[in-house]
Amino acid sequence: MENLQYTRNWKQENIVVTIGKTKVGREHFLLAAGPCAAENSKQMAGISAMLKDSPVKLLRGGAFKPRTSPYSFQGLGKDGLELLRQTADILNIPLVTEVTDLKHLELVSRYADALQIGSRNMAAYELLKEVGQQSKPILLKRGMAATTKEFLYAAEYVASGGNEQLILCERGIRSFDPEFRNILDLNAVALLKERTPFPVIVDPSHGSGRSDAVLPLSLAAAAAGADGVMVEIHPSPETALSDGDQSLSMENFRIWTERVSHLAQFLGKTV
Ligand code: PEP
Ligand code: MN
């Protein structure tokens, strides 16, 4: 690919990204989990109970939600950040949360250990340039209709700003099949792992839109060479204010952690 700087020619060795005390990349396989959005303190207490004593090393969760409909739950904003931070502190693991707009960058940075740039903002170039200047690690999600090349250019926006603590996340792309919200593109995982030294993780929750697909897709992602998986969980998925259909329940989450950890270990990684 022409004009790409942050390729295997730049670094042959895989990069390890460090978020607080959590490492991602090389032998470090990441399990990340949390709610689609922080909703209230009862829900977050349920999330704590699910994650306690689990191998999950990164809490995910949204406070500023980029929703397709302006009438859908938009996230709790600052209150959501407070709830997410509290939960991460109780669990003693770092927090990644999305920053949707430049105007929230300072606020979100006060609470987050890593900044997520969501699918809808993969091509928000001013936002990418700005987070490229930040000292926090960046979790960059692939645009839902972005080619792998466009995704790689988006990564270059961040890295060329000086921020090489960058994780790429495949989260599914648009397809014609209404059974699934998106189709998880494992081609992209294989290609990104070959072309770049950045850790590549997979989000099978948004990648399929269905909780029953999360486990098989997580296993497939690990087998395809991903450096981790990030999933949505909820203490009562049927009452979730967003993305309940794709959120793992307590019992399914327990099975997921067990099976995915086993496979990662079989592949020579640590979880
Ligand atoms: C998310 O991970 O919270 C999210 C909104 O996902 P995406 O940007 O991939 O749609
Ligand atoms: Mn979601």
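Because the structure is predicted, anything quoted here is derived from the model rather than measured. Read the numbers this way: they start at 1 and go in the same order the structure lists the ligands and their atoms.
- The number of heavy-atom neighbours closer than 6.0 Å to CD of Glu106, taken from other residues, nucleotides and ligands shown, is 12 or below.
- A 6.0 Å sphere centred on CG of Asp185 holds more than 12 heavy atoms belonging to other residues, nucleotides or ligands.
- Other residues, nucleotides and ligands contribute over 12 non-hydrogen atoms within 6.0 Å of the CG atom of Leu105.
- Using a heavy-atom distance under 4.0 Å as the criterion, the protein contacts of ligand 1 are Arg60, Lys65, Glu98, Gln116, Gly118, Ser119, Arg120, Lys141, Arg171, His206.
- Ion pair Glu232/Arg60 flagged as a salt bridge, since at least one NZ, NE, NH1 or NH2 atom sits closer than 4.0 Å to an Asp/Glu carboxylate oxygen.
- Distance alone, capped at 3.5 Å, places no donor-acceptor pair between the Gln246 side chain and the Asp243 backbone.
- Partners of Asp212 according to the salt bridge (charged side-chain N to carboxylate O under 4.0 Å, His left out) rule, which considers only residues two or more places apart in sequence or in another chain, are Arg210.
- Looking only at protein N/O/S atoms, the ones less than 2.8 Å from the Mn ion (ligand 2) make 4 in total.
- Screening residues 21-44 for salt bridge (charged side-chain N to carboxylate O under 4.0 Å, His left out), with sequence neighbours left out, gives Glu13-Arg26.
- We find that Glu126 and Lys129 are joined by a salt bridge, their nearest charged nitrogen and carboxylate oxygen being less than 4.0 Å apart.
- Ring-plane geometry between Trp10 and Tyr6 is classed as perpendicular, the angle between the planes exceeding 60 degrees on a 0 to 90 degree scale with a lower cut at 30.
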